[in-house]
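All of these numbers come straight from a predicted model, not from anything done at the bench.
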Amino acid sequence: MRLSGRLSAAIEILTDFEARRVPLKTAIADWARSNRYAGAKDRAFISGLCLDALRRRRSLAASMDDDSARAATLGAVRFLWKQSAEDIAAAVVEEHGPGALSEQEEAALASEALTSAADYPEWLEPQIARVFGDGAAQVMNAFCERADIDLRLNTLKAAPEKALAALKTVKAEAIPFSTVAARIAAPDPSEKAPGVTVIPAFNKGWVEVQDLGSQIAASAAGAIKGAQVLDYCAGGGGKTLALAAMMENTGQLYAYDRDASRLKPLFHRAKRAGIRNLQIRSPAGGEGLDDIEGKMDVVFVDAPCTGAGTWRRHPDTKWRLTEKQLQMRMAEQDKVLEEASRFVKPGGRMVWVTCSFLMEENEDRLAAFLETHGAFSRAPVLPFMEQSGLITEDGKAALAGCVTTDGAIRLTPDKIRADGFFVAVLAKAA
C-alpha cells in the first residue's frame with residue numbers, strides 16, 4: 001500500500017473506534033478482515049499511526065483546529081512522524097487517498113511544531129492534578145511516549161547471563177535497575193515489533209514478556225523463599241510467574257482469580273517456566289480458598305483497576321474510560337481488599353498493586369480499608385523490594401524518587417521508563 005491508502009485506512013479505523021467505542025485492536029482487526037490485501041508492513045504502519053494519533057489526540061486536535069479522525073491521522077503523520085506537508089498533500093489526492101486537503105488543513109500542516117495540550121480526558125484533570133500537582137505536564141507527557149518491550153529473565157530455567165546472551169537476536173539489553181530485567185527499545189512506530197515469542201529462549205521458558213514496572217511491583221513481596229504466598233487476582237499469571245521465580249520452587253504458591261477464564265493461560269505458562277510449587281485454584285473447578293484462610297505469609301493483590309498506568313501501550317483505553325467505570329473499579333477494589341485480607345496470617349502482610357496512578361484507586365481505597373481493619377497498618381515498601389534481592393543499587397536510587405509520603409511506591413515512566421504502577425504493603429499485627 002502507498003501512503004495514500006494507509007492514511008485512508010487509519011482514518012477509517014479511528015472513525016470506527018470513535019463510533020463503536022471498542023478497543024482499538026478490535027477496530028484494527030475488523031478492518032484487516034475486510035481488507036486482506038494489506039500486508040504485514042501495511043498493518044504495522046497503520047496500527048502504529050492509529051496508536052500515535054490516540055497518544056496525542058488533544059494535542060493533534062489543537063494543532064489541526066479539528067478533533068476528527070481525519071485531522072488526527074493527518075496531524076500524526078505530519079507532526080509525530082515528520083512527513084512533509086508537500087508529501088501529505090500529494091498522497092491524499094492519489095488513488096485510494098482520503099481526498100484533497102482543505103485550506104484549514106493546509107494551513108495547519110504548514111506548521112513545523114505540534115501544539116501541546118493535555119492528552120487525556122478533560123474530566124480527569126482534577127484527579128491528575130491531585131496526584132501530580134505542578135509536575136502533571138511532565139509526567140503525562142511521558143505517558144504519551146511509545147513503550148519499550150521489557151523482558152523478565154526466568155532464573156528457574158537459566159542464569160540471567162545465559163538468558164540475556166540468548167536475546168542478542170532481538171537486540172535486548174540488560175536494564176540496570178534489576179538483576180533479571182532486559183529491554184528491547186521501542187521500534188519505529190511504522191514497523192512491526194520483534195517477534196519475541198517465537199525465539200528459542202522464550203519457548204524454553206528462559207524469558208517472559210513483562211514490563212519493568214510490573215517486575216518491580218512483584219519484588220514488593222520481599223524475601224519469600226519458603227513462604228506461603230497467595231496471588232489473589234492472578235489473571236493470566238504474569239506476576240504469579242515472577243513470584244514463583246523469587247520463591248525458587250520452595251514454599252507454596254497459590255494462584256486464584258474470581259474470573260476462571262483469566263487463569264487459563266497460566267497452566268501452560270507455569271509449565272513452560274518450570275514452576276513446581278504452584279497450586280492454581282479455579283472457581284470453574286469448585287476450588288475455593290477456605291482451607292488457607294488466615295495462613296498466608298504474603299497475599300499479593302494485583303487489583304482490578306482502570307489501567308491508567310498502561311496508557312503508553314494502550315492509549316485507546318484513556319479515551320474509553322468514563323467516570324462511571326472509575327467508580328465501578330473503586331467499588332471492586334474495596335471488595336477485593338476485604339476478601340483478600342482474610343487470608344493474611346497474624347504477622348503476615350498484604351501487597352496491594354494496581355497499574356493505575358490515580359489516588360482514587362490507591363491511597364483512598366487503602367485509607368478506607370484501614371479505617372475498619374485495625375489489625376492492618378502501612379509498612380514502607382522499598383525495604384521489601386530490597387529484600388527480594390532483585391533490585392540493584394541503581395534501582396534503589398531510582399525507586400527512592402518514587403516513594404510516596406506514606407511509604408508506598410508510585411512508578412511513572414518519567415522516572416523509570418516503565419508503565420505506571422502503585423504498590424503498597426499492609427502489615428497485619430502478630
If the threshold is 4.0 Å, N to carboxylate O, is there a salt bridge linking Asp316 and Lys25? no
Arg56 and Glu145: salt bridge (charged side-chain N to carboxylate O under 4.0 Å, His left out), yes or no, with the steps? CA-CA 9 Å; Arg56 301 282 184 175; Glu145 299 298 323; 3.0 Å; yes
More than 12 heavy atoms from other groups under 6.0 Å of CD on Glu125: yes
So, for Leu80 and Asp52, which heavy atoms are closest and what is the spacing to 0.1 Å? CD1-O, 3.6 Å
Can you check salt bridge (charged side-chain N to carboxylate O under 4.0 Å, His left out) on Glu363 and Arg410, steps first, answer last? CA-CA 11 Å; Glu363 284 95 336; Arg410 180 176 280 105; 2.7 Å; yes
Is it true that Arg20 and Asp30 have a side-chain N and a carboxylate O under 4.0 angstrom from each other? yes
Tell me whether Asp119 is salt-bridged to Arg58, with the criterion being a basic N under 4.0 Å from an acidic carboxylate O. no
Test salt bridge (charged side-chain N to carboxylate O under 4.0 Å, His left out) applied to Lys396 and Glu386, step by step: CA-CA 7 Å; Lys396 294 174 187 178; Glu386 294 174 353; 5.0 Å; no
Under a 3.5 Å distance rule, please check whether Asp394 uses its side chain to pair with a backbone N or O of Phe177 as donor and acceptor. no
Nearest atoms (heavy-atom pairs only) where Ala100 meets Val92: CA-CG2, 4.0 Å
Is Arg55 reaching over with its side chain to a backbone N or O of Arg312, donor-acceptor style, under 3.5 angstrom? yes
Think Arg281 forms a cation-pi with Tyr256, using NZ or CZ under 6.0 Å from the six-ring centre and within 45 degrees of its axis? no
Is it the case that the side chains of Trp352 and Asn362 hold a donor-acceptor pair, with the cut-off being a distance below 3.5 Å and no angle test? yes
Partners passing ring-ring contact (aromatic ring centres under 6.0 Å, His included) against Phe17 (at least two apart in sequence or in another chain): none
Shortest non-hydrogen separation from Ala38 to Arg43 and the atoms involved: O-NH1, 2.8 Å
Has Asn249 got a side-chain atom pairing as donor or acceptor with Gly274's backbone, closer than 3.5 angstrom? yes
Hydrogens and angles aside, do Asp419 and Thr310 bring a side-chain donor and acceptor to less than 3.5 Å of each other? no
Donor-acceptor pair, Gln104 side chain versus Met64 backbone, under 3.5 Å? yes
Would you say Asp67 has more than 12 foreign heavy atoms packed within less than 6.0 Å of its CG? no
Thr354 to Glu361 - nearest heavy-atom pair and separation: CG2-O, 4.0 Å
Could you please spell out the steps behind the salt bridge (charged side-chain N to carboxylate O under 4.0 Å, His left out) verdict for Glu95 and Arg2? CA-CA 9 Å; Glu95 185 179 8; Arg2 296 172 63 85; over 6 Å; no
So Phe357 and Phe143, would you call those rings parallel, tilted or perpendicular, with 30° and 60° as cut-offs? tilted
Give the minimum heavy-atom separation between Leu278 and Ala270, together with the two atoms involved. CD2-CB, 3.8 Å
Using every non-hydrogen atom in the two residues, find where Pro304 and Arg329 come nearest and quote the distance to one decimal. C-CD, 4.3 Å
Mark yes or no for whether Asp148, through its side chain, and Ala186, through its backbone, hold a donor-acceptor pair below 3.5 Å. yes
Counting only heavy atoms not in Arg21 (residues, nucleotides, ligands), do more than 12 fall under 6.0 Å from its CZ? yes
Under the salt bridge (Lys or Arg N to Asp or Glu O under 4.0 Å) definition, can you give me all pairs with a residue in residues 74-93, not counting sequence neighbours? Arg78-Glu112
Check: residues 149-159 side-chain donor-acceptor pairs under 3.5 Å, at least two apart:
| from | atom 1 | to | atom 2 | distance (Å) |
| --- | --- | --- | --- | --- |
| Asp150 | OD1 | Arg183 | NE | 2.7 |
| Asp150 | OD1 | Arg183 | NH2 | 3.4 |
| Asp150 | OD2 | Arg183 | NH2 | 3.1 |
| Asp150 | OD2 | Leu212 | N | 2.9 |
| Arg152 | NE | Gln210 | OE1 | 3.0 |
| Asn154 | OD1 | Leu156 | N | 3.2 |
| Asn154 | ND2 | Gly205 | O | 2.9 |
| Asn154 | ND2 | Ala273 | O | 3.0 |
| Lys157 | NZ | Lys204 | O | 2.9 |
| Lys157 | NZ | Arg272 | O | 2.7 |

Neighbour count >12 (heavy atoms, 6.0 Å) for atom CD, Gln138: no
Does NZ or CZ of Arg57 come closer than 6.0 Å to the centre of the six-membered ring of Trp319, within 45° of the ring's axis? yes
